[in-house]
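Down below is the structure, laid out as structure tokens.
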Amino acid sequence: MAVGPYILGVESSCDETSAAVVRAGEELVSNVVASQIATHMPYGGVVPELASREHLRNIVPVVRQAIAEAGKSLQEIDALAVTQGPGLAGALLVGVSYAKALAFALDKPLIAVNHIEGHIHSVLLEEKQKGNHQLQFPVLSLVASGGHTHLYLATKVGDGWRYENIGRTRDDAAGEAFDKVAKLLGLGYPGGPIVDRLAKHGDPAAVKFGLVQLKHRDRNDRGTAPVRPHFDFSYSGIKTAVLRYVETHAMADGIEQRRRELGNAPTIGDYLRLCDAMTLNLVASFQRAMAEDLVAKTIAAAREYDVMTLLVTGGVAANSELRTGFEKAAAKEGIQVLFPSRLLSTDNAAMIAAAAYSKWLAKDFAGSELSAEANLPLR
Ligand code: KG4
Ligand code: ZN
């Protein structure tokens, strides 16, 4: 029989309510994700109050389904894991309160997990499932999602992981830029998947965007600490550049028409009918610039820190051009690059249950005082 522990993960940090059962950080037993995209779509972005309400509505059936799909009873679960943060305070609170109550009722240990660490472990879970248990440390991880664009240098200390932030966005996150650009072009929400599909129909060389290089010395360096360069990102400028392009190229009518005519579940045919060549070229050029910038900065950081293994994760890691760009650049550098499957790139509870495993080994359990932390740092 397979050796446990079987950990039930619960994730509710943003707009997905998810529960999953993972065995020993290496076998995905079940993973249920209730997406709230339809709820937030009319608003063109996540509405925090609606997110909390949807989590409240979904959490019980989602956990029940994850347990049923795992073919287990709640009593057969060895521990619970829950996203403590970062994320939307009210949304996190639903998952944390529920997991605390369930752990108490079942008399099982509870493990608090950082959402960003979860994204990193989504890659590791799938690699272990494929039989790849060897990683060369330190590992460099790019976490690019709607809320984060972070570079972490990860090392293993005993059974646990330690993280050092060596880069982050100074303004908008990468996924946020995809979402904002899609919104301003009247393409709907969430932007990333739509831009990804439409970019294939445009010319990525049509519009030139200049993205800033932001390499700088350690923010804490006061002249005595060893010099550790940082690789920061900045994506509010490209959003403004797209807006300027739209204004100077008389694109307002097309945008208005898309806002009026793209219904709640548009097909790729609907998009293509409502997008002219100029719009498709703009979308393709925007995606090219984003992918090139994320790849270039991450590869430069890998070189600087002598890293041989790259993990690229978070919702934006689902982007096809970004994946191809990373594969090409990593092959050229002789670096290994690993991604989660598209399913585990975006928010899910399997990554939370997987990240909890090293804490289980270290008996790092949460007490009854556990609270949600919207700005929880990763260390
Ligand atoms: O990790 P995630 O599900 O939630 C957060 O923690 O934010 O990431 C969601 C973000 C959204 O901004 C979405 O537009 C972006 O990931 N995204 C993509 C793609 N799929 C999702 N961005 C670019 N290309 C994609 N294919
Ligand atoms: Zn996320």
Side-chain angles (χ1 to χ4, degrees), residues 9-18 20 31 33-37 40-41 44-46 48 51 55 83-88 91-92 95 113-123 141-150 152 168-169 172-185 187-200 204 233 235 238-239 268 283-284 286-295 311-326 339-352 354-355 374-376 378:
V10 173
E11 153 67 35
S12 72
S13 67
C14 189
D15 60 345
E16 259 107 24
T17 320
S18 179
N31 184 35
V33 182
S35 169
Q36 304 178 3
I37 287 178
H40 302 289
M41 200 180 259
V46 179
H55 286 307
T83 307
Q84 185 187 6
L88 301 169
L92 289 165
V113 176
N114 183 302
H115 180 81
I116 301 177
E117 183 171 26
H119 273 300
I120 295 171
H121 281 261
S122 65
V123 191
S141 188
L142 169 68
V143 184
S145 68
H148 312 100
T149 309
H150 283 143
Y152 285 99
R168 63 180 173 214
T169 180
D172 292 352
E176 195 179 351
F178 274 93
D179 294 338
K180 285 179 174 171
V181 162
K183 188 175 180 182
L184 81 87
L185 291 174
L187 296 171
Y189 167 86
I194 305 162
V195 168
D196 199 351
R197 289 167 80 191
L198 291 181
K200 295 179 177 67
F233 305 88
Y235 296 121
I238 191 167
K239 169 196 65 189
I268 186 75
V283 165
F286 162 75
Q287 177 171 286
R288 171 66 52 90
M290 290 296 295
E292 282 184 352
D293 187 72
L294 286 162
V295 170
L311 310 180
V312 180
T313 181
V316 180
N319 188 269
S320 37
E321 189 163 356
L322 187 74
R323 285 183 180 231
T324 319
F326 264 117
F339 307 93
S341 63
R342 280 195 170 70
L343 190 70
L344 292 198
S345 294
T346 49
D347 289 350
N348 65 85
M351 68 187 198
I352 302 304
N375 298 311
L376 186 70
L378 179 60

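Counting starts at 1 for both ligands and their atoms, in listed order. Just so we're clear, the structure is a prediction, and the values are computed from it rather than from any experiment.
In this structure, the salt bridge (Lys or Arg N to Asp or Glu O under 4.0 Å) partners of Glu321, at least two apart in sequence or on a different chain, are Arg288.
Using modelled atom types, no side-chain atom of Thr83 and backbone atom of His115 make a donor-acceptor pair closer than 3.5 Å. Judged purely by atom type and a 3.5 angstrom limit, His119 has no side-chain atom pairing as donor or acceptor with the backbone of Leu142. Distance alone, capped at 3.5 Å, places no donor-acceptor pair between the Ser18 side chain and the Glu11 backbone. Although no hydrogens or angles enter the test, the distance criterion places a donor-acceptor pair under 3.5 Å between the side chain of Ser12 and the main chain of Ala91. At distances below 3.5 Å, at least one donor-acceptor pair connects side-chain atoms of Asp196 with backbone N or O atoms of Ser320.
Scanning the protein for heavy atoms near atom 4 (O) of ligand 1, the closest one is Asp347 OD2, 3.1 Å. Of the protein's non-hydrogen atoms, the one nearest atom 26 (N) of ligand 1 is Asp196 OD2, 2.9 Å. Here the heavy atom of the protein found nearest to atom 22 (N) of ligand 1 is Gly192 CA, 3.2 Å. For atom 14 (O) of ligand 1, the closest heavy atom belonging to the protein is Asp179 OD1, 2.6 Å. The protein non-hydrogen atom at the shortest distance from atom 24 (N) of ligand 1 is Asn319 ND2, 3.0 Å. Looking only at heavy atoms of the protein, atom 10 (C) of ligand 1 is closest to Gly146 N, 3.4 Å.
At under 3.5 Å, not a single nitrogen or oxygen of His148, backbone or side chain, sits near a nitrogen or oxygen of ligand 1. Considering backbone and side-chain N/O atoms, Phe178 never comes within less than 3.5 Å of an N/O atom of ligand 1.
Under the 4.5 Å side-chain criterion, counting only non-hydrogen atoms from C-beta, Ser13 is in contact with Leu92. The side-chain heavy atoms of Ile120 and Leu378, taken from C-beta on, include a pair separated by under 4.5 Å.
Taking CZ from Phe286 and CG from Leu198, the interatomic distance works out to 12.5 Å, rounded to the nearest 0.5 Å. Note that the CD atom of Glu176 and the OH atom of Tyr235 stand 12.0 Å from one another [nearest 0.5 Å].
Annotation for ligand 1: atoms under 4.0 Å from non-hydrogen atoms of Gly147 are 7 (O). Against a heavy-atom cut-off of under 4.0 Å, His115 is close to the following atoms of ligand 1: 6 (O). Ligand 1 places these atoms under 4.0 Å from at least one heavy atom of Val316: 16 (O), 18 (C), 22 (N). The distance from ligand 1 to the heavy atoms of Gly175 drops below 4.0 Å at these ligand atoms: 12 (O).
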Chi angles and distances behind the side chain to side chain contact (heavy atoms under 4.5 Å, CB included) call for Leu187, Val283
CA-CA 10 Å; Leu187 296 171; Val283 165; 4.0 Å; yes
Does the side chain to side chain contact (heavy atoms under 4.5 Å, CB included) test come out yes or no for Lys183 and Lys239, once each step is laid out?
CA-CA 11 Å; Lys183 188 175 180 182; Lys239 169 196 65 189; over 6 Å; no
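Test Asp172, Thr169, Val143, Val316 against Thr149 for side-chain contact (heavy atoms from CB on, under 4.5 Å) and you get one pass: Thr169.
Distances from ligand 1 to the non-hydrogen atoms of His119 include at least one value under 4.0 Å. The closest approach between any non-hydrogen atom of Cys14 and ligand 1 is not below 4.0 Å.
In the candidate list Ala144, Ala317, Gly315, Ser345, Gly315 is nearest to atom 20 (N) of ligand 1, counting heavy atoms.
Only protein atoms were considered; those of element N, O or S under 2.8 Å from the Zn ion (ligand 2) number 3.
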